[in-house]
There are 2 protein chains.
Amino acid sequence: MLNNQLPEDPDLDSVFQALADPTRRAILIRLCDGPASVSQLARPFAMSLPAILQHLQVLEGSGLVRSEKIGRVRSCTIVPAAVRRAEGWLSARRTAEERRLDRLESFLDSDDPPTTTTRSTP
Amino acid sequence: MLNNQLPEDPDLDSVFQALADPTRRAILIRLCDGPASVSQLARPFAMSLPAILQHLQVLEGSGLVRSEKIGRVRSCTIVPAAVRRAEGWLSARRTAEERRLDRLESFLDSDDPPTTTTRSTP
DNA sequence: AGAATACTTAAGCATGTGCTTAACAATCAG
DNA sequence: CTGATTGTTAAGCACATGCTTAAGTATTCT
């Protein structure tokens with residue numbers, strides 16, 4: 001049985017997945033201050049360098065971070081567009097829900113409250 | 001070796017984790033149109049009911065969804081505040097990065113570029 | 001060249017995630 | 001009461017995740 005649902009942008013999976021870890025979010029916060037090398041990024045954490053590397057690979061795989069190796073140093077930068085895409089999805093949900101509440105409100109503000117299904121006014 | 005880093009809000013972990021799945025995001029989109037029962041939420045998916053239940057538990061554990069059982073029907077609703085909290089984190093990153101670019105720009109627009117190193121805090 | 005630096009790869013391990021099926025409630029309709 | 005509807009619990013399985021250590025490679029310094 002094939003799953004022919006979910007017409008949604010599959011790329012957001014990896015973005016939110018990347019955001020779902022405190023180490024990776026801390027790395028992103030750090031990168032907002034400007035580009036950094038792998039060992040600079042690793043310094044604050046009680047974690048091995050390979051572990052940080054793996055976090056960086058997750059971040060890069062999601063598109064939230066880009067990196068380039070120059071000499072023996074890899075320089076990592078945040079990718080604002082990817083951050084905005086995730087933000088945009090949440091923003092769309094928020095506004096959709098707000099629109100619904102507005103419709104509901106203006107419906108209740110009209111005259112005739114017929115069989116108040118949700119929350120009978122006390 | 002204890003990990004005494006990461007002074008950040010740990011609750012965002014579960015929020016982003018919940019968002020990192022297309023089924024759960026589709027459920028959230030659906031809930032923007034108003035409350036729904038478990039089987040209503042399950043209907044569009046080629047997936048067993050227990051699977052949907054588990055997704056709902058993840059969503060509820062993250063605070064993105066609240067639910068209440070009335071009779072034999074569980075009614076699920078989205079929690080806008082939780083959506084806004086995730087959105088707010090991303091928004092803060094974006095603005096932080098924009099501020100940095102502004103500083104960089106006005107710095108480059110001025111005359112004297114001294115030692116273009118990133119972060120020379122000794 | 002030889003040593004230090006900065007990163008990378010590989011393998012392994014414990015735990016978490018996303019499903020499944022089967023069986024078990026609880027409630028409502030006739 | 002009987003039976004259909006709606007949801008819940010439990011067990012199990014395949015695979016993903018987040019680390020670790022050990023052993024590389026590539027670059028720069030002296």
Side-chain angles (χ1 to χ4, degrees), chain A residues 1-6 8 10 12-28 30-31 35-62 64-77, chain B residues 1-6 8 10 12-28 31 35-62 64-77 117-119:
Chain A
M1 193 186 283
L2 296 179
N3 193 350
N4 45 1
Q5 292 306 124
L6 310 169
E8 216 204 319
L12 283 176
D13 283 26
S14 58
V15 173
F16 285 125
Q17 183 67 37
L19 290 167
D21 181 281
T23 302
R24 290 194 290 261
R25 285 200 307 279
I27 288 176
L28 284 178
R30 168 63 228 288
L31 289 179
S37 73
V38 174
S39 21
Q40 278 174 343
L41 289 173
R43 191 140 21 245
F45 302 104
M47 198 180 295
S48 69
L49 204 54
I52 297 294
L53 232 321
Q54 283 163 30
H55 282 305
L56 283 172
Q57 279 161 10
V58 171
L59 285 166
E60 212 166 343
S62 76
L64 283 165
V65 163
R66 195 167 31 79
S67 80
E68 185 192 7
K69 195 160 182 180
I70 303 170
R72 65 185 165 179
V73 167
R74 176 170 298 277
S75 181
C76 306
T77 60
Chain B
M1 194 186 284
L2 295 179
N3 193 350
N4 44 1
Q5 291 307 125
L6 310 171
E8 217 204 317
L12 283 175
D13 282 27
S14 58
V15 173
F16 285 126
Q17 183 69 37
L19 290 167
D21 181 280
T23 303
R24 291 195 288 263
R25 284 200 307 279
I27 288 176
L28 283 178
L31 289 179
S37 73
V38 174
S39 20
Q40 278 173 345
L41 289 174
R43 188 134 30 239
F45 302 103
M47 200 181 293
S48 71
L49 203 55
I52 297 293
L53 232 321
Q54 285 163 29
H55 282 305
L56 283 172
Q57 280 160 11
V58 171
L59 285 166
E60 212 165 343
S62 76
L64 284 164
V65 162
R66 194 167 33 77
S67 80
E68 187 192 6
K69 196 162 181 179
I70 302 170
R72 64 182 164 179
V73 166
R74 176 170 298 277
S75 180
C76 306
T77 60
T117 54
T118 56
R119 315 199 131 252

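The figures that follow rest on heavy atoms only: side chains count, while hydrogens, waters and symmetry mates do not. Here is the naming used below: chain letters follow the sequence lines, and residue numbers restart at 1 for every chain.
In this structure, of dC19(C), dC19(D), dT8(C), it is dC19(D) that holds the atom nearest to the side chain of Asp21(A). Closest contact between the side chain of Leu49(B) and the listed nucleotides dT20(D), dG7(D), dA6(C) involves dG7(D). Taking the side chain of Arg74(B) as heavy atoms from C-beta on, and the options dG7(D), dT9(D), dT20(D), the nearest nucleotide is dG7(D). The side chain of Gln17(A) lies closest to dT17(D), out of dT17(D), dT9(D), dT9(C). With distances taken from any side-chain atom of Gln57(A) to the nucleotides dG7(D), dT9(C), dC7(C), the minimum falls on dT9(C). Ranking dT8(D), dT9(C), dC19(D) by closeness to the Met47(A) side chain, first place goes to dC19(D).
On a pure distance criterion of 3.5 Å, no polar donor-acceptor pair joins the side chain of Gln54(A) and the base of dT8(C). Evaluation of atom-type donor-acceptor distances gives no pair under 3.5 Å for the side chain of Arg72(B) against the base of dT6(D).
Look at CZ on Phe16(A): it is 16 Å from P on dT17(D), rounded to the nearest Å. Distance CD1 (Ile52(A)) to P (dT21(D)): 14 Å, rounded to an integer number of Å. One atom, CZ of Arg25(A), and another, C1' of dG18(D), lie 15 Å apart when rounded to the nearest Å. For Leu53(B) and dT21(C), the CG to P distance is 15 Å, given to the nearest whole Å. Here the P atom of nucleotide dG18(C) and the CD1 atom of Ile27(B) are 12 Å apart, to the nearest Å. The interatomic distance linking Glu60(A) (CD) with dT8(C) (P) rounds to 9 Å, in whole Å.
A donor-acceptor pair is defined here as one N or O able to donate and one able to accept, closer than 3.5 Å; no such pair exists between the side chain of Arg24(A) and the backbone of Leu19(A). Between the side chain of Gln17(B) and the backbone N or O of Gln17(A), no donor-acceptor pair lies under 3.5 Å.
Nearer the 5' end of DNA chain C, as judged by each residue's closest nucleotide, is the contact made by Val38(A), out of Val38(A) and Ile70(B). Checking Gly71(A) against Arg24(A), the closest nucleotide of DNA chain D that is more toward the 5' end is the one next to Arg24(A).
Under 4.0 angstrom from either OP1 or OP2 of dC19(C) there lies no side-chain N or O belonging to Ser48(B). Proximity of His55(A) to the phosphate of dT17(D): no side-chain N or O atom is located under 4.0 Å from OP1 or OP2.
In plain terms, the two heavy atoms of Val15(B) and Ser62(B) that are nearest each other are CG2-O, 3.5 Å. For the residue pair Leu31(B) and Thr77(B), the shortest heavy atom distance occurs at CD1-C, 4.2 Å.
For Arg74(B), the CZ atom sits in a packed shell: over 12 heavy atoms of surrounding residues, nucleotides or ligands are nearer than 6.0 Å.
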